[in-house]
Asker: 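Have a look at this one before I ask anything.
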Amino acid sequence: MRHVLTERLGISHPLIQAPMAGSTTPELVSAVSQAGGLGSLGAGYLSPQAILEQAAQVRAQTDKPYAINLFVMADEFTADAGLVTRARERLDALMVKEGLAIRTSLPERWAFRFSDQLAALREARPPVASFAFDLITPAQLRELKQLDIYVIGTATTVAEAKAWAELGADAVGLQGAEAGGHRGTFLHEPEDALIGLFALLPLAARAVDIPLIAAGGIMDGRAMLAAEVLGAAASQLGTAFLACPESSAAPAWKQDLQQAQDHQITTIRSFSGRAARGLRNRYVEAMSQRAEELPPYPILNALTSPLRKAAAAAGRGDLISEWCGQAASLVRPMPAATLVAELMREYAQARAGLSA
Ligand SMILES: Cc1cc2nc3c(=O)[nH]c(=O)nc-3n(C[C@H](O)[C@H](O)[C@H](O)COP(=O)(O)O)c2cc1C
């Protein structure tokens, strides 16, 4: 399966840099692809225009394959006005308390229309498209296949992996409970879909016969090999690439990753309204009580986004969404191409060690 996937994708290494909406840049994506992995642009928060621009920037920097990733969502969202008002009061009170001048405001839209983002993706025509948060429709899949785009769906359980395989996806990205960032869960309650990668991989390998991509807590070449032994055709690493100079994660966040202790890394709803894994910092401590009274994704995400940007600009890592996987402190701040080379050196060394 490893060779099936890498050969079909035209990449040298069984290594995918995870899409990370808000943190991946054309520089990061092209550096990883140029180094022989598959760089992925996290385009979930980008306007259709920005998707086209960033895809063009990747293309200008490498002719190697790369991926664009989207969150599969409805086109329109209606917010409960009472929930929004109460959330704004709480958020504004927190900003006052923390001495930040920024206050919440009502955005023009809660999120870009998924159908417009997908149209931009089709126009950009990347070799690979990956999706999280839900299935795409059979018609959308057909359109992507007609453009010869390789489709990867995100699953957090065996049932979700089967759903993508039955739809006709080319591969499934398995997101273990360890994984940083938003959970891709779409068939279950978030707390029921926290399956560890070591359990999920062999279970999914038994259930579906398309290539599996392992994600969650993989920070070095040894873990990539371990995932392969359990049935993965490639590994997808997010947190490992967050501290690279090419990532746009805030400097304070990059710094905090290195000191993050495993027990401080938790699932958080209070930034975006959707379960996501990250560091339990000052904001999380303040907002996680009565988190269930906050509006759902993407409403809360849109309300907190300007606050997070202002906090990042003020160097307040303790007030931003410091998404990361459970093994975050193994992060190595180095250029992405160097990290790819280092990961593949460790992977080869671990493989040689096993056969010795
Ligand atoms: C900062 C951050 C942002 C993420 N954004 C996305 C995203 O936009 N789309 C997506 O499918 N997955 C996203 N993920 C999840 C990754 O695809 C992947 O499952 C995860 O990074 C793997 O775990 P790791 O961080 O321990 O390597 C994100 C992860 C992080 C850390």
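When a ligand or atom number is given, it counts from 1 through the structure's own listing order. Sequential numbering from 1 along the given sequence is applied to the chain's residues.
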Asker: Distance under 4.0 Å to a non-hydrogen atom of Phe71: what atoms of ligand 1 satisfy this?
Answerer: 7 (C), 8 (O), 9 (N)
Asker: Have Thr156 and Glu160 got a donor and an acceptor in their side chains that come within less than 3.5 Å?
Answerer: yes
Asker: Does Trp253 come within less than 4.0 angstrom of ligand 1, counting non-hydrogen atoms of the residue?
Answerer: yes
Asker: Please name the residue in the list Gln264, Glu322, Arg316 that meets the side-chain hydrogen bond (donor to acceptor under 3.5 Å, both in side chains) test with Asn281.
Answerer: Glu322
Asker: Are Arg274 and Phe133 in a cation-pi setup, meaning NZ or CZ lies under 6.0 angstrom from the ring centre and within 45 degrees of the ring axis?
Answerer: yes
Asker: Have Arg308 and Ser321 got a donor and an acceptor in their side chains that come within less than 3.5 Å?
Answerer: yes
Asker: Given that the side chain starts at C-beta and the backbone is N, CA, C, O, which of these parts of Gln175 lies under 4.0 Å from ligand 1, counting heavy atoms, or is it both or neither?
Answerer: side chain
Asker: Please write down residue, atom name and distance for the protein heavy atom closest to atom 14 (N) of ligand 1.
Answerer: Pro19 O, 3.5 Å
Asker: Go through the side-chain N and O atoms of Glu228 and Tyr347 and say whether any donor and acceptor fall under 3.5 Å apart.
Answerer: yes
Asker: Quick one: which ligand 1 atoms are inside 4.0 Å of a heavy atom on Ala215?
Answerer: 19 (O), 22 (C)
Asker: Below 30° counts as parallel, above 60° as perpendicular, anything between as tilted: where do the rings of Phe271 and Tyr283 land?
Answerer: parallel
Asker: Could you identify the single nearest non-hydrogen protein atom to atom 16 (C) of ligand 1 and state the distance to 0.1 Å?
Answerer: Ala18 CB, 3.6 Å
Asker: Which residue and non-hydrogen atom of the protein lie closest to atom 26 (O) of ligand 1, and at what distance in Å?
Answerer: Gly217 N, 2.8 Å
Asker: In terms of heavy-atom contacts, does NZ of Lys309 have more than 12 from other residues, nucleotides or ligands at under 6.0 Å?
Answerer: no
Asker: Report, in ascending order of atom number, the atoms of ligand 1 lying under 4.0 Å from any heavy atom of Trp323.
Answerer: 1 (C)
Asker: Which is it for Phe133 and ligand 1 at heavy atoms under 4.0 Å: side chain, backbone, both or neither?
Answerer: neither
Asker: Got the closest protein heavy atom to atom 27 (O) of ligand 1, with its distance?
Answerer: Gly238 N, 2.9 Å
Asker: When you measure from atom 4 (C) of ligand 1 to every protein heavy atom, which one gives the shortest distance, and what is it?
Answerer: Met20 CA, 3.4 Å
Asker: According to the interplanar angle, ranging from 0 to 90°, do the rings of Trp164 and Phe131 count as parallel (below 30°), tilted (30 to 60°) or perpendicular (above 60°)?
Answerer: parallel
Asker: Tell me whether Gly216 reaches ligand 1 (any heavy atom closer than 4.0 angstrom to a ligand atom).
Answerer: yes
Asker: What I want to check is whether the side chains of Ser272 and Asn301 have a donor and an acceptor closer together than 3.5 Å.
Answerer: no
Asker: In terms of residue, atom name and distance, what is the protein heavy atom nearest to atom 9 (N) of ligand 1?
Answerer: Asn69 OD1, 2.8 Å
Asker: State, without any angle test, whether Gln49 and Glu53 hold a side-chain donor-acceptor pair at a distance under 3.5 Å.
Answerer: yes
Asker: Please identify which atoms of ligand 1 are closer than 4.0 Å to at least one heavy atom of Ala132.
Answerer: 11 (O)
Asker: Is a side-chain donor-acceptor pair under 3.5 Å present for Ser23 with Ser248?
Answerer: no
Asker: Does ligand 1 have a heavy atom under 4.0 Å from the side chain of Ala21, from its backbone, from both, or from neither?
Answerer: both
Asker: What residue and atom, counting heavy atoms only, is the protein's closest point to atom 17 (O) of ligand 1, and at what distance?
Answerer: Gln236 NE2, 3.1 Å
Asker: How does Thr239 reach ligand 1, if at all, at less than 4.0 Å between non-hydrogen atoms: by side chain, backbone, both, or neither?
Answerer: both
Asker: List the closest protein heavy-atom neighbour of atom 31 (C) of ligand 1: residue, atom name, distance to the nearest 0.1 Å.
Answerer: Gly180 C, 3.7 Å
